[in-house]
Amino acid sequence: MKEKIIALLEEISNLRATHADEIESLRLKFLSKKGEISTLFNDFRNVSNEEKREVGQLLNDLKNKAQEKINNLKEQLSSESANDEKLDLTRTAEPIAIGTRHPLSLVKNEIIDIFSRIGFTIAEGPEIEDDWHVFSALNFPPEHPARDMQDTFFIEQNPDIVLRTHTSSVQIRVMNKQKPPIRMLFPGRVYRNEAISYRAHCFFHQVEGLYIDKDVSFAELKQALMYFAKEMFGESTKIRLRPSYFPFTEPSAEMDISCNLCGGKGCAFCKYTGWVEILGCGMVDPNVLENCGIDSKVYSGYAFGMGVERITNLKYQVKDLRMFSENDVRFLDQFKSAY
């Protein structure tokens, strides 16, 4: 029996396995109830009394070595499987290109960062809205052109439900729920039923701002916008405000900045005027405040709104709006350094 035990010890020490089924077969061969080691234990009663001590120690050693070998084979196979999972044989040997943030995301985040320095926080709302939040609460009369099908996407099943045409709808939601003071930004995607071209798209992105408190003045609006223009386009940037009309602000204005390409001297980009329009603004109309349950005799405020694509065009001189939504990697790769 001693010779058989020694032979089995040598055989077990040389065991190899390449998959789990093979390891299980080896376990059954040596360690199961009908395995070779169990058979030797059954034959142990036939060993003479003089040899029982020595043979018993050899048998126990054989069983322990067999169990240890099976465990080692399992651990080795598990480790190799884990390494194989990490190894992607389909991966190219060339360096993997690093992605970048989209230029619109870069500019939107910069706008938010600039206004956050003067106390503005962020609020967001749904892109599918009802007529009240998009138009009526914002002082749009029923006959206003913006309600026409050529400008707004209506949901056919319910003509009262639309894709929002501006993020001003979020302003209404905030004013309905929150008491002044309110100082917030409203970034988001908006939709208008327009023909797609190099200068227009059926969806684009806006960042609007709202400040409501006691004794808010137009001068505060001007200073906030001046601060933004200089932070975004450089300290030498100048602004001008031109009278305009928006249903939800009174008085209203459009803001131009001095052309950042020619420095205000005049070029093809600014149509030789030296100025480029970037946003609309004004004092919140008292009717809008009253529609939201805010006493217009106590509180006043200003609002502004800008297109992110417009600011991105000025900052990076992108001449075709369609490039922002085509996901051309060659175009997006140009913004790696801006990440």
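What you are looking at is a predicted structure, and each value in this text was computed from that prediction instead of being measured.
Note that the NZ atom of Lys222 and the CG atom of Leu241 stand 6.5 Å from one another [nearest 0.5 Å]. Here the CG-CD1 distance, from Asp160 to Ile155, works out to 11.0 Å after rounding to the nearest 0.5 Å. Distance check, rounded to the nearest 0.5 Å: NZ of Lys179 to CD1 of Ile212 gives 15.5 Å. From Thr121, atom OG1 reaches atom CG of Leu185 across 7.5 Å, with rounding to the nearest 0.5 Å. Within the model, atoms CE of Met184 and CZ of Phe120 stand 11.0 Å from one another, a figure rounded to the nearest 0.5 Å. Atom SG of Cys292 is separated from atom CD1 of Ile182 by 8.5 Å, given to the nearest 0.5 angstrom.
Each of Ile196 and Leu104 belongs to its own hydrophobic cluster when Ile, Leu, Val, Met, Phe, Trp and Tyr are linked at side-chain heavy-atom distances under 4.5 angstrom. In this structure, Leu138 is a member of the same hydrophobic cluster as Phe154, with clusters built from ILVMFWY side-chain heavy atoms closer than 4.5 Å. Taking hydrophobic clusters as Ile, Leu, Val, Met, Phe, Trp and Tyr residues chained together by side-chain heavy-atom distances below 4.5 Å, Phe331 shares a cluster with Leu314. Residue Ile23 is not grouped with residue Leu28 when hydrophobic side chains (ILVMFWY) are merged at heavy-atom distances under 4.5 angstrom, including chains of intermediate members.
When atom types are taken as modelled, the side chain of His102 and the backbone of Phe324 share a donor-acceptor pair closer than 3.5 angstrom. Side chain of Thr312 to main chain of Val308: a donor-acceptor pair is present (N/O by atom type, distance under 3.5 Å, no hydrogens or angles). The backbone N or O of Gln57 lies less than 3.5 Å from no partner atom in the side chain of Asp61, so there is not a single donor-acceptor pair. Looking only at distances, a side-chain donor or acceptor of Lys230 sits under 3.5 Å from a matching main-chain atom of Thr237. Distance alone, capped at 3.5 Å, places no donor-acceptor pair between the Arg322 side chain and the Ala200 backbone. Proximity of a side-chain donor or acceptor of Ser300 to a complementary backbone N or O of Val216 within less than 3.5 Å is detected. Between the side chain of Thr100 and the backbone N or O of Leu332 there is at least one donor-acceptor pair closer than 3.5 Å. Although no hydrogens or angles enter the test, the distance criterion places a donor-acceptor pair under 3.5 Å between the side chain of Glu208 and the main chain of Ser168. Panel note: side chain Asn139, backbone Asn287; no donor-acceptor pair is recorded below 3.5 Å. A donor-acceptor pair is defined here as one N or O able to donate and one able to accept, closer than 3.5 Å; such a pair exists between the side chain of Asp130 and the backbone of His133.
By the 4.0 Å N-to-carboxylate-O rule, Arg164 lies too far from Glu129 to be salt-bridged with it. Using a 4.0 Å cut-off between charged nitrogen and carboxylate oxygen, Glu22 and Arg16 do not count as a salt-bridge pair. Ionic pairing of Glu68 and Lys65 is not present here: no N-O contact between side-chain nitrogen and carboxylate oxygen is shorter than 4.0 angstrom. Between Glu231 and Arg117 there is a salt bridge, since a side-chain N of the basic residue sits under 4.0 Å from a carboxylate O of the acidic one.
The closest side-chain heavy-atom distance from Thr249 to Met283 is not below 4.5 Å. With a 4.5 Å cut-off on side-chain heavy atoms, Gln317 and Asn313 do not count as touching. In this structure, Phe186 and Leu210 have side chains that are in contact, with non-hydrogen atoms separated by less than 4.5 Å. A heavy-atom distance below 4.5 Å is not found between the side chains of Val318 and Glu309. Residues Phe335 and Leu106 form a side-chain contact, since some pair of their non-hydrogen atoms from C-beta on lies under 4.5 Å apart. Between His205 and Val190 there is no side-chain heavy-atom pair separated by less than 4.5 Å. In this structure the side chain of Met255 reaches within 4.5 angstrom of the side chain of Ile257, judged on heavy atoms. Inter-residue side-chain proximity for Ser169 and Trp132 is flagged as unmet; no heavy-atom pair is nearer than 4.5 Å.
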Inset, instruction - Could you check Leu163 against Phe203 for side-chain contact (heavy atoms from CB on, under 4.5 Å), going step by step and ending with a plain yes or no? - result: CA-CA 10 Å; Leu163 296 181; Phe203 70 87; over 6 Å; no

Inset, instruction - Dump the intermediate steps for side-chain contact (heavy atoms from CB on, under 4.5 Å) on Asn193 and Cys202, then the final yes or no. - result: CA-CA 6 Å; Asn193 192 6; Cys202 62; over 6 Å; no

Legend entry - Test log, rule salt bridge (charged side-chain N to carboxylate O under 4.0 Å, His left out), inputs Asp256 and Arg240: CA-CA 5 Å; Asp256 303 331; Arg240 72 176 183 183; 2.8 Å; yes

Legend entry - CA sep, side-chain torsions, deciding dist, call: Met175, Val288, side-chain contact (heavy atoms from CB on, under 4.5 Å): CA-CA 9 Å; Met175 286 190 285; Val288 175; 3.9 Å; yes

Inset, instruction - Give the C-alpha distance, both sets of side-chain angles, the deciding distance and a yes or no for salt bridge (charged side-chain N to carboxylate O under 4.0 Å, His left out) between Lys315 and Glu110. - result: CA-CA 11 Å; Lys315 193 169 181 65; Glu110 188 172 358; 3.6 Å; yes

Inset, instruction - Would you sort out whether Gln206 and His166 count as a side-chain hydrogen bond (donor to acceptor under 3.5 Å, both in side chains), showing the intermediate values? - result: CA-CA 7 Å; Gln206 283 186 335; His166 43 207; 5.7 Å; no

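At a cut-off of 3.5 Å, with distance as the only test, a side-chain donor of Ser136 or Asp131 sits close to an acceptor on the other residue. Donor-acceptor pairing under 3.5 Å is lacking for the side chains of Glu220 and Tyr302.
Atom CD of Glu10 sits in a sparse spot, with 12 or fewer heavy atoms from other residues, nucleotides or ligands closer than 6.0 Å. More than 12 heavy atoms of other shown residues, nucleotides or ligands fall within 6.0 angstrom of atom CD1 in Ile118. Other residues, nucleotides and ligands place no more than 12 heavy atoms under 6.0 Å from the CG atom of Asp215. For Arg330, the CZ atom sits in a loose shell: 12 or fewer heavy atoms of surrounding residues, nucleotides or ligands are nearer than 6.0 Å.
For Phe204 and Tyr191, the gap between ring centers reaches or exceeds 6.0 Å. Between Phe228 and Phe115, the ring center distance clears the sub-6.0 Å criterion.
The nearest pair of heavy atoms linking Leu15 to Lys69 is O-CE, 3.3 Å. Nearest heavy-atom pair, Lys108 versus Pro187, reported as atom, atom and distance to 0.1 Å: CD-CB, 4.1 Å.
Ring geometry for Phe248 versus Phe246: interplanar angle under 30°, hence parallel rather than tilted (30 to 60°).
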